[in-house]
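For reference, the structure is listed below as structure tokens.
Starting from 1, each residue takes its place in the sequence as its number. No hydrogens, no waters, no symmetry mates; every other heavy atom, side chains included, goes into these values.
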Amino acid sequence: MRLNEETVLVGSSVVLVPYRKEHVPQYHEWMQSPILQEQTASEPLTLEQEYEMQAKWHLDEDKLTFIVLHKEDAESAESVERLLARCRMAGDVNVFLSEDAEEEEEDEGARTQKQLRGEMEVMIAEPSLRRHGLASQALQLLMHYVTQEQPTSKRPLLSPFNLFVKVGLSNSPSRALFARLGFEEVKVSEVWQEVEMRYTRGEGSAGMPPQRVLRWARD
């Protein structure tokens, strides 16, 4: 999505960067894993197809993707290039946008109003970086980013109460993670063996603000 094509969100242990061509080889290597293919409901792609997918995601208006980088040590006030050179690719975090029609009661009857919803997903693909809290921090940074005022429109991209996730019924760690972040279970599908969880905590923007927001200019 062009909205975040030059945006870098810096947290205490993760850095979120836009998904660019230089990330594709590592991403492609991760996605050869049958386990990750099953967990993400993905089909194996060739490297050429992966480059095509990255280009498509950059232009998509209904998908906002960041690559999750692991930042091992405290940063100084350095350039974005030097910061990123010290980080290691860990996974990705996304929000998929869709319109959901809801009815509102009025004096003359009900009318339909379209609500923009965001389905969140996170993947820590690097095995050695799992269970270090990176998924939680990446999600919180993205949640804050999409529910705060955007510089271009001066309004949030999404209401926090329109954030939701779909998690496998047997995926207890993920269900617990999203519960800690303020999501409550609202729907269970026995057919698809998944539970839908929706954000319900507090007003205003959700998640955690970044320590810094940087601009990573495109070549």
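The stretch residues 164-185 participates, sequence neighbours left out, in these salt bridge (Lys or Arg N to Asp or Glu O under 4.0 Å) pairs: Arg175-Glu185.
Among all heavy-atom pairs drawn from Leu134 and Ala90, the shortest one is CD1-CB, 4.1 Å. Of all heavy-atom pairs between Pro18 and Val8, the closest is CD-CG2, 4.5 Å. Contact detail for Ala138 and Leu16: the closest heavy-atom pair is O-CD1, 3.8 Å. Nearest heavy atoms, Pro210 versus His144: CD-ND1, 3.9 Å. The shortest non-hydrogen separation linking Met120 to Met143 is SD-CG, 3.4 Å. In terms of heavy-atom proximity, Met197 sits nearest to Ala179 at CE-N, 3.8 Å.
Rounding to the nearest 0.5 Å gives a distance of 8.0 Å between CG of Asp92 and CE of Met31. Of the inter-residue distances, the one linking Gln26 atom CD with Ile67 atom CD1 reads 9.5 Å to the nearest 0.5 angstrom. Rounding to the nearest 0.5 Å gives a distance of 13.0 Å between CD of Glu5 and OG1 of Thr65. Annotation: the span from Arg82 atom CZ to Cys87 atom SG amounts to 12.5 Å, rounded to 0.5 Å. Asn162 contributes atom CG, which lies 9.5 Å from atom OG of Ser98 (distance to the nearest 0.5 angstrom). In this structure, CG on Leu83 lies 6.5 Å from CG on Leu214, to the nearest 0.5 angstrom.
The side-chain heavy atoms of Leu139 and Leu177, taken from C-beta on, include a pair separated by under 4.5 Å. Taking the side chain as every heavy atom from C-beta outward, Thr200 and Phe183 never approach each other to under 4.5 Å. Side-chain contact between Val68 and Val17 is absent, with no heavy-atom pair separated by less than 4.5 Å. The side-chain heavy atoms of Ser79 and Trp216, taken from C-beta on, include no pair separated by under 4.5 Å. Between Val165 and Glu119 the shortest side-chain heavy-atom distance does not fall below 4.5 Å. Two residues are said to be in side-chain contact when any heavy atoms from C-beta on lie closer than 4.5 Å; Phe161 and Arg198 fail this criterion. Side-chain atoms of Glu72 and Arg86, non-hydrogen and from C-beta on, never get closer than 4.5 Å to each other. Looking at Leu64 and Asn94, their side chains never come closer than 4.5 Å, going by heavy atoms from C-beta outward.
Applying the side-chain contact (heavy atoms from CB on, under 4.5 Å) test to Trp192 and every residue at least two apart in sequence or in another chain returns Ser189, Glu194. When the side-chain hydrogen bond (donor to acceptor under 3.5 Å, both in side chains) test is applied to Thr147, no partner is found at least two apart in sequence or on another chain. Under the rule for a ring pair (Phe, Tyr, Trp, His ring centres under 6.0 Å), Phe164 has no partner lying at least two apart in sequence or in another chain. For Ser42, the side-chain hydrogen bond (donor to acceptor under 3.5 Å, both in side chains) partners two or more places apart in sequence, or in a different chain, are Thr40. Every residue was checked against the side-chain hydrogen bond (donor to acceptor under 3.5 Å, both in side chains) condition with Gln37, not counting sequence neighbours, and none meets it. Residues forming a ring pair (Phe, Tyr, Trp, His ring centres under 6.0 Å) with Tyr145 (at least two apart in sequence, or on another chain): Phe66. By the side-chain contact (heavy atoms from CB on, under 4.5 Å) test, Ser128 pairs with Arg88, Glu126, sequence neighbours left out. For the ring pair (Phe, Tyr, Trp, His ring centres under 6.0 Å) test, residues two or more places apart in sequence or in another chain that qualify with Trp57 are Tyr19. Partners of Ser33 by side-chain hydrogen bond (donor to acceptor under 3.5 Å, both in side chains), not counting sequence neighbours: none found. Partners of Ser170 according to the side-chain contact (heavy atoms from CB on, under 4.5 Å) rule, which considers only residues two or more places apart in sequence or in another chain, do not exist here. With sequence neighbours excluded, no residue satisfies side-chain contact (heavy atoms from CB on, under 4.5 Å) with Glu43.
For the pair Gln137 (side chain) and Gly133 (backbone), a donor-acceptor distance under 3.5 Å is absent. A distance-only check finds no donor-acceptor pair linking the side chain of Asp100 to the backbone of Gln115 [under 3.5 Å]. At distances below 3.5 Å, not a single donor-acceptor pair connects side-chain atoms of Lys71 with backbone N or O atoms of Val10. Remark: side-chain polar atoms of His132 are not paired, donor with acceptor, to backbone N or O of Leu129 under 3.5 angstrom. Between the side chain of Asn4 and the main chain of Thr7, no donor-acceptor pair closer than 3.5 Å is present. With hydrogens and angles disregarded, a donor-acceptor distance shorter than 3.5 Å links the side chain of Tyr199 to the backbone of Arg201.
In summary, the side chains of Glu50 and Thr46 do not present any donor paired with an acceptor at a separation below 3.5 Å, with no hydrogens or angles considered.
Residues Val195 and Val186 do not share a hydrophobic cluster, defined by chaining ILVMFWY side chains whose heavy atoms lie under 4.5 Å apart. Grouping the Ile, Leu, Val, Met, Phe, Trp and Tyr side chains by contacts below 4.5 angstrom, directly or via other members, places Phe96 apart from Val122.
Here Arg117 pairs with Glu196 in a salt bridge; the nearest charged N to carboxylate O distance falls below 4.0 Å.
No more than 12 heavy atoms of other residues, nucleotides or ligands sit less than 6.0 Å from atom CD of Glu48. No more than 12 heavy atoms of other residues, nucleotides or ligands lie within 6.0 Å of CD1 in Ile35, so this atom counts as exposed by the packing criterion.
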